[in-house]
Amino acid sequence: MTTVTAGSAAVQRLRLRTELREARLSAGLTQRQVADEMEWSPSKLIRIEAGEVGITANDLRLLLVFYRVDDPAYVERLLEFARGSRKMPFTEYRDIYHKDFLDFLAMEASAWINRTFQSVVLPGLLQTEEYAAAVIRAFSPDESTAQVSRMVEARMLRQDVLDIAGEAQFFFILDESVIRRQVGGATTMRAQLRQLAALATRPNVHLMVLPFSLGAHAASAGPFTLFEFKEDVPACLYLENPRGNATVSTGPDDIANSIDLFQDLETKVIRDDVSKILLRIADGLGTTPADLTPSS
């Protein structure tokens, strides 16, 4: 069974891809030249340098010889990255999840700071089993009961990262519609809101609500998640689209713009007494919503 501590494999793959690209550029080689020398398809090297796939120790040794990298300590360091990066978490779910989503899970398990804006449903890290099952059935109506159960199982396993004291910090900005929509019915949503209220009291979980009264805002284009890492690796940005897929970027401009956007949203959110607000909504399900204020 996967544990979130295996998530460091994702960081090792990110570090390896950065080092290999820099080594190739230092050697003055193009990707085509390397692919021809190694008798690889160009796409294989592109995917390795993009962090999409791992590399075997034997291939790495040959590659480093071609790059004229001969420092034994440095070579061993890269070999450790390669070995570690092949132990990606959640691989037991590869029969039900696309590789891109497995990469997302690996980043999530490795991140030091997780910043998420969600305007549709609660992030997977915050969902109860019943809420998760309702979301999965809505998004994937053709999945069998067994497949839905495995997806829920994986989603609950992801939440282990929230329990690692003193480690990752999680910043969630939720559109008010997310906490108002009765996913799975009133009973399921009531239990979800109460669990959410409890999570909001944790020191590493920072839960904020973007109220309806704000109107249109800069993040109206859709949900996004930004992962930042303790290690010296680039941050990763995931932008969700209406089809449920994600666009991934590590570009410095995209990362900087996303951080600016998230910080701008933070100036407009409700962050005080969020637990009280959630409990009040839970208690009032089935009635006309009141204004989003702790005292009402």
Side-chain angles (χ1 to χ4, degrees), residues 2 4 6-15 17-18 46-47 49-54 85 88-91 93-94 96-127 132 135-136 139-140 151 154-155 157-162 167-175 178 204-208 210 217-231 233-266:
T2 292
V4 294
S8 60
V11 171
Q12 292 181 67
R13 183 172 291 183
L14 286 172
R15 297 178 74 179
R17 77 171 189 181
T18 301
I46 290 171
R47 293 174 69 197
E49 289 193 355
E52 295 178 359
V53 297
S85 69
M88 297 289 278
F90 298 98
T91 54
Y93 297 101
R94 59 180 174 269
I96 58 173
Y97 285 138
H98 190 274
K99 181 188 174 300
D100 289 345
F101 188 61
L102 291 175
D103 288 344
F104 173 88
L105 297 183
M107 294 296 107
E108 180 181 78
S110 306
W112 179 247
I113 297 177
N114 178 322
R115 303 179 198 270
T116 296
F117 167 71
Q118 182 55 259
S119 58
V120 183
V121 296
L122 285 169
L125 291 179
L126 304 177
Q127 296 176 7
V135 169
I136 292 168
F139 278 51
S140 306
M151 291 178 180
R155 195 159 297 188
L157 182 62
R158 289 165 57 189
Q159 298 176 6
D160 286 351
V161 296
L162 299 174
E167 293 294 330
Q169 295 290 311
F170 301 86
F171 299 84
F172 299 102
I173 296 180
L174 308 176
D175 187 85
V178 175
N204 64 330
V205 177
H206 310 275
L207 195 61
M208 297 161 275
L210 204 62
H217 52 80
S220 296
F224 66 91
T225 299
L226 180 64
F227 296 128
E228 299 175 59
F229 304 95
K230 189 175 182 181
E231 295 84 351
V233 296
C236 285
L237 170 67
Y238 285 77
L239 296 169
E240 294 185 30
N241 63 42
R243 295 179 60 86
N245 300 319
T247 300
V248 185
S249 175
T250 57
D253 289 343
D254 288 340
I255 299 300
N257 290 338
S258 296
I259 291 176
D260 287 345
L261 172 57
F262 198 89
Q263 292 177 339
D264 178 64
L265 292 177
E266 286 183 309

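From a predicted model like this one, the values you see are computed outputs, not experimental measurements.
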From CG (L105) to OH (Y93), nearest 0.5 Å: 10.0 Å
Once salt bridge (Lys or Arg N to Asp or Glu O under 4.0 Å) is applied, do any residues pair with D264, and if so which ones, sequence neighbours excluded? K268
Is L162 close to V205 at the side-chain level, that is, under 4.5 Å between some pair of heavy atoms? yes
Gap separating the CZ atom of F229 from the CH2 atom of W112, nearest 0.5 angstrom: 13.0 Å
Which atom of L265 lies closest to which atom of A219, heavy atoms considered: CD1-CB, 3.7 Å
In chain order, what residues pass the ring-ring contact (aromatic ring centres under 6.0 Å, His included) check against Y97, with sequence neighbours excluded? F101
Contact list for residues 108-122, test salt bridge (Lys or Arg N to Asp or Glu O under 4.0 Å), sequence neighbours left out: E108-R158, R115-E228
Kindly write out the residues that satisfy side-chain contact (heavy atoms from CB on, under 4.5 Å) with H98, not counting sequence neighbours, or none if the list is empty. D100
Under the salt bridge (Lys or Arg N to Asp or Glu O under 4.0 Å) rule, collect the residues that match up with R94, sequence neighbours excluded. none
Find the distance between CG (N114) and CZ (F170) and round it off to the nearest 0.5 Å. 5.5 Å
Applying side-chain contact (heavy atoms from CB on, under 4.5 Å), can you list everything that pairs with P123, at least two apart in sequence or on another chain? T116, Q118, L126, F172, L174
Could you list the residues that satisfy side-chain hydrogen bond (donor to acceptor under 3.5 Å, both in side chains) with R15, not counting sequence neighbours? none
For the student: nearest non-hydrogen atoms of A132 and R155, plus distance: CB-CD, 3.8 Å
Please enumerate all residues that pass side-chain contact (heavy atoms from CB on, under 4.5 Å) together with E266, with sequence neighbours excluded. F171, I173, M208, F262, Q263, R271
Please find the pair of heavy atoms, one from M107 and one from C236, that lie closest to each other, and give the distance. SD-SG, 3.9 Å
Would you give the length of the straight line joining atom CD1 of I96 to atom CG of L102, rounded to the nearest 0.5 angstrom? 8.5 Å
Begin from the C-alpha positions of T225 and F117 and carry the test side chain to side chain contact (heavy atoms under 4.5 Å, CB included) through to its verdict. CA-CA 6 Å; T225 299; F117 167 71; over 6 Å; no
Testing the 3.5 Å rule here: is there a donor-acceptor pair between the side chains of S249 and D254? yes
Minimum-distance pair of heavy atoms, taken over all atoms of I255 and A235: CD1-O, 3.6 Å
Measuring only between side-chain heavy atoms, which start at C-beta, is E49 closer than 4.5 Å to T18? no
For the atom pair CG (L226) and CG (L261), what is the distance rounded to the nearest 0.5 Å? 10.0 Å
Just how far is it from atom CG of L125 to atom CD of Q127, taken to the nearest 0.5 Å? 9.0 Å
